[in-house]
Amino acid sequence: MRMYRLALLLVLLLLSGLGWARNSDADFAKRIFEHTNSERVARGLAELALDKDLQRLAADYSQRMCAGGFFDHRDPDGLQVQDRLQQEYPGLIHCGVGENLYMSDRSSNSNNPEYIVQRWLESPEHRKNLLDAEFTHMGVGIYRNGSKLYATQILATPVLRLTSRLPRKLVANESYRLDCEYLSPRSRENFNCSLGTPDPNARIKVDLFSYYTGQIPLKCVWRKDGTLTLILDFRAGSGEYKLQAGWGDYYYSDLFTFKVL
């Protein structure tokens, strides 16, 4: 009975330690997030919002670097952050992404959130990412193993997150419903979406007297919670359609590709 109690105590201590490590890493990442925003606000820039997909991608990459024994923006498969984001979270529709990395193998003052952010600010490329006015969202992932610490910060400009799935096969001259979460901090007023047609010279008739060239305007149906539904219209035949989105006359092109049979 005494040995059983001792074994149970050791298991509880181990589980407690693992829980502390997870909570500690989460707190460490939160402090990097907060300190990054403090540095941005001090320079007249908007704070970044936390994004769950960017957070998971950053955490996974920190752990992967540690497990794989590498430290690089390009992983062993040759993929960079934009490739990994597309591969792991294709439903996060964005118009820009950047990545900051940090690694330390010493248990010293360098292993604190404020120091890491300061190191990024001292590096021209990392500083450019951290203080980029176009970025609106961020995710931070920490992984520690012994004295080693890996930090990944991913910054991006998401516009939409797809919340519904499309059929595996999209057919020309059919319409489809696509539900989305609106992520941009910009007002949804004047927000519009369209599809770039496979043939950029295709004429798309919108009424008896007018037409678009190479574009199909999409209907946006907004709900009270800020989400919206896009009605996809593939009336220009088979091929690749490019999702375009923006506000008024300003828009981002090639945000998402639909392959239509």
Side-chain angles (χ1 to χ4, degrees), residues 46-54 57 81-98 129 132-139 154-167 170-207 210-260:
E47 291 188 353
L48 301 172
L50 182 66
D51 181 81
K52 59 183 181 181
D53 290 344
L54 299 180
L57 189 67
V81 62
Q82 61 269 24
D83 307 309
R84 299 193 301 272
L85 182 57
Q86 172 62 30
Q87 184 179 77
E88 298 297 326
Y89 301 100
L92 186 65
I93 299 176
H94 66 91
C95 51
V97 61
N129 282 334
D132 191 326
E134 293 296 315
F135 289 144
T136 58
H137 291 69
M138 171 177 47
I154 300 177
L155 310 99
T157 313
V159 179
L160 299 170
R161 180 183 285 113
L162 307 187
T163 57
S164 64
R165 293 186 177 181
L166 288 168
L170 299 173
V171 181
N173 301 315
E174 294 288 342
S175 296
Y176 299 86
R177 173 191 174 117
L178 185 63
D179 295 326
C180 307
E181 178 185 359
Y182 184 72
L183 298 176
S184 174
R186 298 185 60 166
S187 170
R188 71 185 195 185
E189 291 185 15
N190 298 321
F191 180 75
N192 60 81
C193 294
S194 63
L195 289 174
T197 57
D199 178 4
N201 298 314
R203 289 191 173 191
I204 306 301
K205 190 174 182 180
V206 292
D207 55 41
S210 58
Y211 63 86
Y212 285 88
T213 301
Q215 269 190 333
I216 302 174
L218 299 181
K219 182 180 180 181
C220 297
V221 181
W222 290 94
R223 290 183 285 276
K224 292 182 179 180
D225 61 359
T227 61
L228 71 153
T229 296
L230 297 176
I231 308 302
L232 304 178
D233 182 358
F234 301 120
R235 71 176 87 167
S238 61
E240 292 189 348
Y241 290 74
K242 304 290 187 179
L243 179 65
Q244 303 169 344
W247 297 262
D249 295 330
Y250 179 80
Y251 66 91
Y252 298 107
S253 61
D254 298 351
L255 291 178
F256 195 86
T257 299
F258 301 96
K259 295 182 179 180
V260 179

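For clarity, every value in this text was computed on a predicted model and none was experimentally measured.
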Donor-acceptor contact below 3.5 Å, side chain Y176 vs main chain V171:
yes
In Å and rounded to the nearest 0.5 Å, what is the OG to NE2 distance from S184 to H94?
14.0 Å
Has the side chain of N192 got a donor or acceptor atom that lies under 3.5 Å from a matching backbone atom of N190?
yes
Between T163 (side chain) and E181 (backbone), is there a donor-acceptor pair under 3.5 Å?
no
How far does CZ of F256 sit from NZ of K242, to the nearest 0.5 angstrom?
10.5 Å
I'd like to know if the side chain of Y89 reaches the main chain of R161, judged simply by a donor and an acceptor atom lying under 3.5 Å from each other, with no hydrogens or angles considered.
no
Working to the nearest 0.5 Å, report the span between CD1 of I93 and CG of L183.
9.5 Å
Atom pair CG (L162) and CG (D179), whose distance is rounded to the nearest 0.5 Å
9.5 Å
For the OG atom of S194 and the CG atom of L218, what is their distance to the nearest 0.5 Å?
6.5 Å
For the residue pair R223 / T229, report whether a side-chain donor-acceptor contact shorter than 3.5 Å exists.
yes
Can you say whether the rings of W247 and Y182 are parallel (under 30°), tilted (30 to 60°) or perpendicular (over 60°)?
perpendicular
Keeping R186 on the side-chain end and F191 on the backbone end, is there a donor-acceptor pair under 3.5 Å?
no
